[in-house]
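Every chain is numbered from 1 and lettered A, B, ... according to where its sequence line falls, protein lines coming before strand lines.
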Protein chains: 2
Amino acid sequence: MSSGDRQRVTVTDVARAAGVSTATVTRTLQNPDVVKAATRERVMEAVRRLGYSPNPMARNLRHGSPSGVVGLVTAGFTNIFQAWVAAGAEAELRRNGLQLLIGSTDDDPAREPELARIMIDRRVSALLMMPDGGERDYLRPEYTYGTPVVLVGRPAGGLDVDVVMTTDDQAVDEATDQLLSLGHRRIAALAGRADSFRAAQRLSGYRAALARHAVPERQELVVTGLTRPQEINAAITELMQRPEPPTAVLALNLGISSGVLLDRIVNRRNTAFVALDENDLSAGLGISAITRDPFELGRQAAVLALERITDPTARPRTVTLPSLLVRRGSGELPPPSAAAGGVPGGGAGEVYRADGCGVARD
Amino acid sequence: MSSGDRQRVTVTDVARAAGVSTATVTRTLQNPDVVKAATRERVMEAVRRLGYSPNPMARNLRHGSPSGVVGLVTAGFTNIFQAWVAAGAEAELRRNGLQLLIGSTDDDPAREPELARIMIDRRVSALLMMPDGGERDYLRPEYTYGTPVVLVGRPAGGLDVDVVMTTDDQAVDEATDQLLSLGHRRIAALAGRADSFRAAQRLSGYRAALARHAVPERQELVVTGLTRPQEINAAITELMQRPEPPTAVLALNLGISSGVLLDRIVNRRNTAFVALDENDLSAGLGISAITRDPFELGRQAAVLALERITDPTARPRTVTLPSLLVRRGSGELPPPSAAAGGVPGGGAGEVYRADGCGVARD
DNA sequence: TGCGCGATTGTAATCGTTGACATTGACTGA
DNA sequence: TCAGTCAATGTCAACGATTACAATCGCGCA
C-alpha cells in the first residue's frame, strides 16, 4: 500500500493545483492580506484538499527564524521534581504559543553536551538546562550560536546566560537552625552525588547553621553519594543502628526524602525529620519539608527564555526563588533526651491533606 | 559582543579553511574511506577548529533521511507512570543510537493532534503516542506521511499501526475475583476519566468477575471521572462514611491509588485494597497492586518503532504485556464480617509488610 | 610515448520554502 | 490618450548539505 510512502505535499503541488505560483501560495499562508480574496480561496481550498503543511525544515533553512520550539534537558523523565519544572515551563511557553520538547540525560553528565547539541542543531528557540553536571564548557557562546540558554537551579559559572536559582542553602540553614534550637546536636545530613553543585549548596546551609551555633560538624553524620534506593535505605538503617544514632535527619533531595519517609513509616521511627522536596504523601503525613515550587521554577525559566528570545541582546539575569521551610510537625520534634516540653507547632492537628497542584492521571 | 550572532559555521567555511571543496568535507564526514588520509586530516582539523556540526535541517531537506530522533507524546510530564514508559523507550532507543524527545498534551485531548503534527513535521523517525484521548483520525496515513506510529496502552481503532497493550482487564478481573472469593460483596471501583479507553478496559475486568460470581453490580460503588486529588479524597471519604461502606476498594489508576493510600494511612483504615500501579511507598507498605512494568512497556514500544523504521512495509503488530497482580497483603484482607480465617495465599514471600498499614507516628 | 584505469577531488543540481525584485494589468488624472 | 500608480502575481536566487556526474592526476603497461 501507500502507507510507507512518506511522499509529502509541497508548495509546488499546491501551486499547481491552485493554478498559481509558489510565491502566491506562500503569501496566502504568511500574509493573506496582500492576496486577492478569490485567489486566496482557491489556494486555501487546494491546501485543505491536499493536506499541505509547510516543511518546517525548509522554512528554517531559508530564514533562520525561531522554530517555535523550546528544548529542555532534564536529568531523567522520572525525576518528579524536574518533571514539575518541565510542566511549569510548558504551561508558560504554551501561553505564548511555543512548544516544549524535553530530552533526558538519564543522570549521565556525559550526555548533557550531546543533548544540548542535538537541540541547538535543531534550532530550538531556547534551551533550558536542568541537570547538575560538572562541565559546562559546551554552553559557551561559540557552541550555542546565540541560542538563548537558561540554567535552572545551578549557577552560571562564568557563563553569560540566564539563571533561575533557589535559596536551598538558606532554607537548609533555617531547618538546621531550628533543629539546633530544639536541642538537637546529632543531626544527620544525607545528600546525593557528592560532586553536584546542589549537594554542595545544601550542605553549606547545614554547615553555616552548625557554625553559628558553635556545634562542631561530625563527619560521620554527613553521608553523600546516595543515589540508588538501596543505598539510601542502607544508609539510613546503618545510621539508626549506631550506638549514638542521630536525633534528627535532614534529607537533602527528593529521592532521599522518600527513602527516609518510607523508613520512618515501616520502622515506626519518630526521629525529627526535615525533607527537601515533597512526594505524594509527605504533606498528608505531617512531614516538615523544604519546598521549592518546581512549577513556578519552570515558569520563571520560561519567562527568562521568552524575554531573551524577544531581545537577544539583553543582559542575562539571575532570578532567585525562595526555598521555603514548611513546618508540619516532623521537623519540630525535640530530641529524645529533652523534657516533654511543648512541641512548637507540631502535633497531629497540623496534619494537612495533600491537595497539591497535581492532577491524578494514569 | 558577538554572543547573539547565531552565525553558524557551514560546510563552505570548513571547505575554505581546509582548502578543499564542500563535497570533500561531506565525504570526509560521511564516508571517510574514499578520502585520502592527508586530506581527511586537514578537513578534520578544520572541523574541530571551527566547531562545525552539520545542520540537520539542511541534511534532512536534501535526503529525507531518518532524523535519528523519535518523538513521544505523553499526557503530562508529571505523570510518573508515563514518565517511566518514556524512560524505558529512551533506554532502548539510546542503545540503538536514537534520541527520544517528549512533548506533553497536559491532559488536553485537543493537543494530541497538534503535538503529533509538530513531531511529524520535524521528521521524527517514529512517533510514540501515550495519551488516551478520544479522536485518533489525525493518525491516519494521509496525515502521518509514512512516519511509523506506535500506540502505547490504547487500541488501534482501525488504524494500521503498531500497538503495545497491557492486560489490565484480566488483572482487575483477577483482583476482583480474589476479593469476591474472600467474601467481599461491596467492592468499590474508583476510576479516572469516564470517556477514556483505559477506565473502560479496567472496569470491564471488574464487571466480568462480578458476573462470574453472580454478584450484581452496585452502581453506587463505581465512581468515575476522578482526576484531581481533592475529588479523589472527597470520593473516598464519602464512600467510607456511608451506612454500608465498601469492604474493599479497587483504585483503577495511579493517582487514585495514591489518594486511597494516603487516606488509609491518615485515617488508619484497614479496608481491603488493591491499587493499580505503584508509587514510592506502596511496596514498602504492603499494598497489593496491579503492576504493569512501565519501563518494559516503553522499551517494547521502542522495539516496535525500531523495527518499523527498519522495515516500513512490515505488517503492524500488537504486543501484549501482562498486567500482574502482586499480592502484598492489603488485597488479601477479608471483609470485617468474615471469621478470622487464614488469608489465602498471601503471596508467600511476596508479603513484605502486611502489617505496615495504618502505622502512624506515635 | 601514449592510452587507459583507478583513485581523488571538484562542479553543479537538488531538496522545499521564502522574499527581494520584476512583471503584469487595470485604473487614475492630466 | 498616455504616463504614472498601485495592486496582484510571477521569477528566481538563496538557505546548507548532499550526491550524481565530471574532471583531474598519477601511474602502469603496451
Within the structure, does a side-chain N or O atom of B/Y52 lie under 4.0 Å from either OP1 or OP2 of D/dA17?
-> yes
What residues, two or more places apart in sequence or in another chain, satisfy side chain to side chain donor-acceptor pair (under 3.5 Å) together with A/Q99?
-> none
With A/R122, which residues qualify under salt bridge (charged side-chain N to carboxylate O under 4.0 Å, His left out), at least two apart?
-> none
Rounding to a whole Å, what distance do you find between B/N31:CG and D/dA17:P?
-> 18 Å
State, without any angle test, whether B/S53 and A/D121 hold a side-chain donor-acceptor pair at a distance under 3.5 Å.
-> yes
side-chain contact (heavy atoms from CB on, under 4.5 Å) partners of A/T78, counting only residues at least two apart | B/I80, B/A83, B/W84, B/A87
Rounded off to whole Å, could you give me the CZ-to-P distance for the A/R16 and D/dG10 pair?
-> 14 Å
Within this structure, what is the CG-to-C1' distance between A/L50 and C/dG16, rounded to whole angstrom?
-> 15 Å
Which residues satisfy the side chain to side chain donor-acceptor pair (under 3.5 Å) test with B/D13, sequence neighbours excluded?
-> B/T10, B/R16
Mind checking what makes side chain to side chain donor-acceptor pair (under 3.5 Å) contact with B/Q30, not counting sequence neighbours?
-> none
Any idea which heavy atoms bring A/V14 and A/V9 closest together, and the distance?
-> CG2-CG1, 4.1 Å
Listed pairs under 3.5 Å, donor-acceptor, residues 34-45 of chain A side chains, sequence neighbours left out:
{"residue": "A/R40", "atom": "NE", "partner": "A/P32", "partner atom": "O", "Å": "3.3"}
{"residue": "A/R40", "atom": "NH2", "partner": "A/V35", "partner atom": "O", "Å": "3.2"}
{"residue": "A/R42", "atom": "NH1", "partner": "A/A18", "partner atom": "O", "Å": "2.7"}
{"residue": "A/E45", "atom": "OE1", "partner": "A/R49", "partner atom": "NE", "Å": "3.4"}

What is the per-nucleotide protein-contact pattern of nucleotides 5-10 of chain C, from the 5' end, where B denotes a base atom under 4.0 Å from a protein heavy atom, S denotes such proximity for sugar-phosphate atoms only, and - denotes neither?
-> ---SBB
To the nearest angstrom, how far is A/L29 atom CG from C/dG16 atom C1'?
-> 13 Å
Quick one: which protein N/O atoms are closer than 3.5 Å to N/O atoms of nucleotides 23-26 of chain C? Pair and distance per line, please.
none

Quick one: list whatever passes side chain to side chain donor-acceptor pair (under 3.5 Å) with B/E114, sequence neighbours left out.
-> A/R94
Considering just the side-chain nitrogens and oxygens of B/Q30, establish if one lies under 4.0 Å of OP1 or OP2 belonging to D/dT18.
-> yes
Check nucleotides 13-15 of chain D for protein N or O atoms closer than 3.5 Å to its own N or O atoms and list the pairs.
{"residue": "D/dC15", "atom": "O2", "partner": "A/R62", "partner atom": "N", "Å": "3.2"}

Go through the structure and list residues passing salt bridge (charged side-chain N to carboxylate O under 4.0 Å, His left out) with B/E296, not counting sequence neighbours.
-> B/R299
Spacing of A/N60 atom CG relative to C/dC15 atom C1', expressed in whole Å = 15 Å
Who pairs with A/D311 by salt bridge (charged side-chain N to carboxylate O under 4.0 Å, His left out), at least two apart in sequence or on another chain?
-> none
